[in-house]
Structure formats: structure tokens, C-alpha cells
There are 2 protein chains.
Amino acid sequence: MSATITDVARAAGVSPSTVSRALGGGPVNDATRATIVRVAEELGYRPNRAARELITGRTGTIGLLVPDLGNPYFSEIIKGASSRARAGALPIFVSDTDEDVAREREAIASLRATTDGLLLVSPRGSDEELAALAAGGPTVVVNREVPGLPAVISDAASGIAQALQHLGALGHTRVAYVTGPHGSWSDHRRREGLASATGLGIEIVHVPAATPTFHSGVLAADLVLTTGATAVIAFNDLIAIGVLDRLAARGVRVPHDLSVVGHDDIAMASMCSPHLTTIAVPKERMGSMAADMLLRTLDRRGASDDRDPSVLLPSTLIVRDSTGEVKA
Amino acid sequence: MSATITDVARAAGVSPSTVSRALGGGPVNDATRATIVRVAEELGYRPNRAARELITGRTGTIGLLVPDLGNPYFSEIIKGASSRARAGALPIFVSDTDEDVAREREAIASLRATTDGLLLVSPRGSDEELAALAAGGPTVVVNREVPGLPAVISDAASGIAQALQHLGALGHTRVAYVTGPHGSWSDHRRREGLASATGLGIEIVHVPAATPTFHSGVLAADLVLTTGATAVIAFNDLIAIGVLDRLAARGVRVPHDLSVVGHDDIAMASMCSPHLTTIAVPKERMGSMAADMLLRTLDRRGASDDRDPSVLLPSTLIVRDSTGEVKA
DNA sequence: ACACACATTGCAAACGATGCCAACATGGCC
DNA sequence: GGCCATGTTGGCATCGTTTGCAATGTGTGT
């Protein structure tokens, strides 16, 4: 079908090995290389990925695994990662696990076989399991810390602290936290952030949410109202928007009667009504940085084996219209 | 590293070719096959994709191209396609074009080289260009019709008709349509739908939007108010939600003062305030059906060359809270 | 008992690119 | 003028799998 390296070699009057070297950066006479490059261009030569992979053992692709492709939070991470991967001319496999641990395990195994490295976003498996699976090849984790693996995470404690300070300044003294899914690493971190933000004179009361979704938020809203809290911080924006929706239905005015703070700053946060005050995390940057770390790891494969340090990206509170002074 | 076909052959006391046939469904003695299968399992044998691809010329993967990975509308199509692909055990490459024609061209070319078939969602290129690019291999188009290519589309005319009937029944006689991006095939179809829905006594006035985004909707809202229309149909939900947002800011009540209808029924449509009446299209089903058509094409490659017929999926109007009776 | 069909298996040649090694030419140096 | 270092190049084996073809063995019909 398309031109092979042999075709180019013949057309340029050299051997296939020379073409390989010329195109691959080996030692070749400048004039020869120029000719070969020109001829290759004319013939529209594209190296056959499979043949190259077979001999080098590298696939030239990376894999990205997220819990849910439909979740806008992950979409932005994907965008970041795929633009970085494109810059490195690496195709990227994207797959989702439907938030399921078994599917995650399976997906990691299958991606492993077809890629040189993996980006695991918000993985659900246990530390041990992930460490074992990650041993199969270069891996970078996003939104999670796994001992021994490089990670890209956001500074949850700082984000939470900013939110509490903001609420404190508005006079709130009793704040509800709507949790994330059970066992979620991110949720754990945010609870720690809440616990460590003492000295503000704010009391925290927890309200459970089973899933990080709009519907869980709707459910949680009624629970929040029974706690006597004057403000609520939600595990993520989707939950916060669910809370907002239910509050509106019940005639509770936001922020007049209750202040609401989300987390992540997905696009929807500035589209809902009222516009959501939220703790923004640099999603796209996390994706691109994770991809970047992975690519660098691949480049120096076998060279210095110093671990990539984990990266902590800043969270920033974005104040919009869903938070306000507490009314007496 | 991992076991090769030769390892299995040696362990089973047969030749590699026999192993290949046993695992690949060729004519092999039942007892022999049983042994080979068992041994392969024990050794954890996984055929090397690259080697197979090299000889068969098939990559065993498919590609999916969308204009924007962050757009929730496309997310759902991706989910549908990838779940179908997973059922066929085919990994799927996902890439986006940033709504850019040049990038689209480039992405198609590069995906072509690494996949057996392509799913093009809402491609922006011209018919001629797409037909040319599609000639490179099996292709299924979603949300667009390109002469000579199998396609999966939704019944825009019916959706629009349902919306107009609904609005007509509520007493509206002057309806604004906020358009999609210039040159968009979907937009064209929706305009045709509007034009052909005569006999309802409804006058249509067009309001331009440059991009299918929230911000365009915000912009369009003010324009809509100058037209004297009592209802507005937006090219998609994102625009409709932008309209909603701007109307709220200007104190225009929905649906009391103005009715708003979206298109697509993305998840956000039932999360915004008021909940959006919208023309739902079966996004996930479109994705899975498109993937299914592509897989079937790949299976009978070279066999009967009858073209896959295009598929038209029904649109249904979902009435929520953003539409109501026209007030005198 | 012989020929022939058929089932089962092994052999060897690919597929396209890479990279080791040897071959060759050239120029500088003693 | 001969030797060696250096720069360039071609030859060839190789990666793991599939597949056409030939070889072997078994059973059947006459």
C-alpha cells in the first residue's frame, strides 16, 4: 500500500539501513541525508509502526485511564494530557472504568500491553494493588498518591483552608461538608484539610454522599438543612450543583439562606444559577504535567533511575455568587 | 519478557504454526488444541500485537475523532462508542481537533495510519475533503452526512417539528432560532427542519451565534430580546443555558416572559435552572451504533462490498420547566 | 491390497524496520 | 608511502506472528 523504507532506499539509491539512519538521526553524510529526506517526502513515506515496535519493543503510545469519560472534570484532565502527548507526537489511548475497581484492574492490564506508559487518574484500587500493577511499566498517577509512584495532585488543604477562611469572614460558624465516595483518596485529603483548619472557630459537620454526582447532591441538600449549618462545602461541583437545584426547589435562597461552595471549578460551575463559588484546581495543567512527567520518564528509560518527584499544584478559591454573609 | 508463541509451542511439543492455528481457529485436532490452550494459559501467553499487525496488516484498533473532548455532548457519544468497542475487544484511540479544520485533516491522516477504521464525529471539513480522506479506509460518520459514506444521524426535522408544535400549542407565534456555527451541517439540517415546519402559523426569526458555547448563548440572549419573539430554540443546550443565564441576569423570567428550548439533552440540561426543555438525541446509542457499523465493516472486509446504509435515529422533545404558555 | 481423499502437522517465507558488524574510502600523520 | 583513525555505507540477522505448501499419517471404497 504505502511506501516502505525499501522503496525509499531504492528511489534514493542507497540501502534501507542508510535510510533508517538518515531519518532516525544516525551518522549519515549531510548530502545523503538531504536526498533521502527529500525522496521520503516525495514518496509520502511513513514508517510502519508495527515493524518498528516489533524490533524496538516500544509502542510509541501512552494510555490514560479515568473513572468516567462523561465527567467534565476528567475531560479537562484528558485535554491537558492529550495536548501534551500530541506535542510529543504520541498517540494516546483513553479508556474508562465506570468507577469500577475490577474494570480498572482489567483496563490497566490491557492498556499495559499496548502502551509504553500509563496515566492513572483518580484510580480506585488499593495502594498495594496499584503498586503491583504499576510495576509493569512507567506509570504516573493523577489525583492520588500511591507509595513509590510519581504523582500529580492539587493542594487540597490549601483550597479547603481558603474556603473556610472565606466563609469565616462572612460570619459562618457551622459548615456542612458533603463527602465524596467512600474510600476516595481525594475525599480523605479534603477531610484532613477540614480537620486541620482549626482556629477559625468553625464547626464542621459531615453529610454523606455515595457518589460524586448531581443526584447525590440533590439527596444531600435535604440532609444539610437538618444540620443547622449556614454554609456547605461539597466534595465536588457536581454535588454542589445538585444541592443548589434541590435548595431552589425547596425555596431556600442561595446565598441568602445558605452559602454553597463546590470543588474543582468545572465549566458548569460558572453556568449554573447562582454561579458557584468553588475551589478551583488546575485540571488541564495537571493533565499536561502528568503527561510530561511520563514522557520524560520514557525518554530516559534505563538511564538515571531517579524517581520523578511528585508534584503539588495550587488550588485557588474562586468566589462567585453562591456564598454570602450569614444572616442573623 | 512475556511468553512468545515459540515458548508455547515448545512447552506443548508442537510447532509454532500449530499453536497459531489452534489459537486462531484453524483446523487442528481437538486434543492438540486443548493441550495448547491449556499450556498457553499456564504460560500467560499474549500474542504480540505488533508482530501480528505486521503480517496481517491490521492494527486491531479503531480511532474516534471529535471536535472537542470537553464538550459533554461528545463525551456521551464517546462513551457509547467505547463501550461497543470494548465489547469487540478493540482498543480505541480518541483524539480531538479543537474545532479546527486543519487539525482535523492532520488528525485523520495520523489516526488512519494507526487504526483499521475511523469514527468521525461532527467533522468540519468539506464533503470533498472528507470523501478523499475517508477513501483511506473504513469510515463511519456521526452527526453528518457525506456522500458515499455510512453515517449515523439523528432526525433533526422531527425534533424541530416536535418543539414547534409544543410551542405552538402554548400559543407562541414568533420564535427565535439561535444558530450554530457557520457552515455546520447540523445547523443546516435544523434550519431545514424549521423551514419545512409550516402550517403551524409560527414565524421564525434567526439570531446568529458564532460558536456552540455558553458564551455565545449569553451574547445571543440580548439579541433575542430585541426580536419580539416569545420563545427561543437554541442550536444546542450549551447555548440555551447561556441564554438562560443572561436572561436571569437581566431579570427576564423563564418561562413566564420567554420560553427556551435547547437541543441534545446533555446532562447539564436537567441540572440548570430552570430545567431545560430540550430536543433529546440518543447520543450514547449513536456512538455505539456507529462503532457497531464500523466493526461489522471490518469483519466483512473484502467480502460483500455492499455499503452500510446510513442510520437515522429518532429525536424526542423532553419537556421540562423552561417552556410555558405565552402571556398576553 | 491399492489408490485416493482427507485430516493434521511442520517448514519456511514473508511482513517492515532497526542495529550490529564489517567493508570501504578518505585524509592526516609519521 | 604506509598505517591508522574517522566517517559513511551496505549486508544481514532479527523481532513474533501468520500462512501457503508440502509431508505425513489415517481411513475408506473398490
Side-chain angles (χ1 to χ4, degrees), chain A residues 1-37 39-41 43-61 89-91 112-116 298-299 301-302, chain B residues 1-37 39-40 43-61 89 112-116 137 298-299 301-302:
Chain A
M1 189 112 305
S2 73
T4 75
I5 202 171
T6 317
D7 297 331
V8 176
R10 199 170 14 234
V14 296
S15 79
S17 355
T18 304
V19 175
S20 174
R21 272 186 298 259
L23 268 22
V28 175
N29 182 288
D30 286 345
T32 321
R33 164 172 289 125
T35 314
I36 292 176
V37 169
V39 171
E41 197 118 333
L43 264 49
Y45 167 69
R46 319 265 315 199
N48 181 309
R49 245 187 53 258
R52 173 178 291 169
E53 176 182 344
L54 185 55
I55 189 138
T56 63
R58 298 185 49 169
T59 63
T61 67
L90 288 200
R112 193 54 92 190
T114 56
T115 60
D116 293 338
L298 294 178
D299 277 346
R301 195 71 192 286
Chain B
M1 188 112 307
S2 71
T4 73
I5 203 173
T6 317
D7 299 330
V8 176
R10 199 171 13 233
V14 296
S15 78
S17 359
T18 305
V19 176
S20 173
R21 273 185 295 256
L23 267 23
V28 176
N29 182 288
D30 286 343
T32 319
R33 165 173 286 126
T35 314
I36 292 176
V37 168
V39 171
L43 266 48
Y45 168 69
R46 317 266 313 198
N48 180 310
R49 246 188 51 258
R52 172 177 292 169
E53 175 181 344
L54 185 56
I55 189 139
T56 62
R58 297 184 53 169
T59 64
T61 67
R112 192 56 90 191
T114 57
T115 59
D116 293 338
L298 294 178
D299 278 347
R301 195 70 190 287

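Each chain gets a letter, A, B and so on, in the order the sequences are listed, and its residues count up from 1.
One can place CG of L23(A) at 10 Å from P of dA17(C), the figure rounded to the nearest angstrom. When rounded to the nearest whole Å, the span between CG of L54(B) and P of dT18(C) equals 12 Å. We find that CD1 of I5(A) is positioned 14 Å from P of dC15(C), with the value rounded to whole Å. Here the P atom of nucleotide dA17(C) and the CZ atom of R58(A) are 18 Å apart, to the nearest Å. To the nearest angstrom, C1' of dA13(D) lies 9 Å from CD1 of I55(A). N48(A) places its CG atom 17 Å from the P atom of dG16(D), with the value rounded to the nearest Å. Atom CG of D7(B) and atom P of dG16(D) are 9 Å apart (whole Å). Spacing between atom CZ of R46(A) and atom C1' of dA17(C) amounts to 16 Å, rounded to whole angstrom units.
Residues passing the side chain to side chain donor-acceptor pair (under 3.5 Å) test with T32(A), sequence neighbours excluded: none. R46(B) pairs by the salt bridge (Lys or Arg N to Asp or Glu O under 4.0 Å) definition with nothing, not counting sequence neighbours. Residues meeting the side chain to side chain contact (heavy atoms under 4.5 Å, CB included) test with R52(B), sequence neighbours left out: P47(B), T56(B). Applying the side chain to side chain contact (heavy atoms under 4.5 Å, CB included) criterion to L43(B), with sequence neighbours excluded, gives A3(B), D7(B), V8(B), A11(B), V39(B).
In this structure, R49(B) CZ and T59(A) OG1 are separated by 7.0 Å, a value rounded to the nearest 0.5 Å.
If A51(A) and R52(B) are placed on DNA chain D by their nearest nucleotide, the residue sitting closer to the 5' end is A51(A).
In this structure, T4(A) reaches the sugar-phosphate backbone alone: every heavy-atom distance under 4.0 Å involves primed, P, OP1 or OP2 atoms, never a base.
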Which atoms of nucleotides 7-10 of chain C (N or O only) lie under 3.5 Å from a protein N or O atom, and what are those distances?
{"residue": "dT9(C)", "atom": "OP1", "partner": "T32(B)", "partner atom": "OG1", "Å": "2.6"}
{"residue": "dT9(C)", "atom": "OP2", "partner": "N29(B)", "partner atom": "N", "Å": "2.9"}
{"residue": "dG10(C)", "atom": "OP2", "partner": "S15(B)", "partner atom": "N", "Å": "2.9"}
{"residue": "dG10(C)", "atom": "OP2", "partner": "S15(B)", "partner atom": "OG", "Å": "3.1"}
{"residue": "dG10(C)", "atom": "OP2", "partner": "T18(B)", "partner atom": "OG1", "Å": "2.5"}
{"residue": "dG10(C)", "atom": "N7", "partner": "R21(B)", "partner atom": "NH2", "Å": "2.9"}
{"residue": "dG10(C)", "atom": "O6", "partner": "R21(B)", "partner atom": "NH1", "Å": "3.3"}

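Put simply, the side chain of T61(A) gets close to the backbone of T114(A): a donor and an acceptor are under 3.5 Å apart.
Candidate nucleotides dT18(C), dG16(D), dT18(D) were compared by shortest atom distance to the side chain of S20(B), and dT18(D) ranks first.
The side chain of Y45(A) contributes an N or O atom lying less than 4.0 Å from OP1 or OP2 of dA17(C).
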N/O donor-acceptor pairs under 3.5 Å from side chains in residues 18-27 of chain B, not counting sequence neighbours:
{"residue": "T18(B)", "atom": "OG1", "partner": "S15(B)", "partner atom": "OG", "Å": "3.3"}

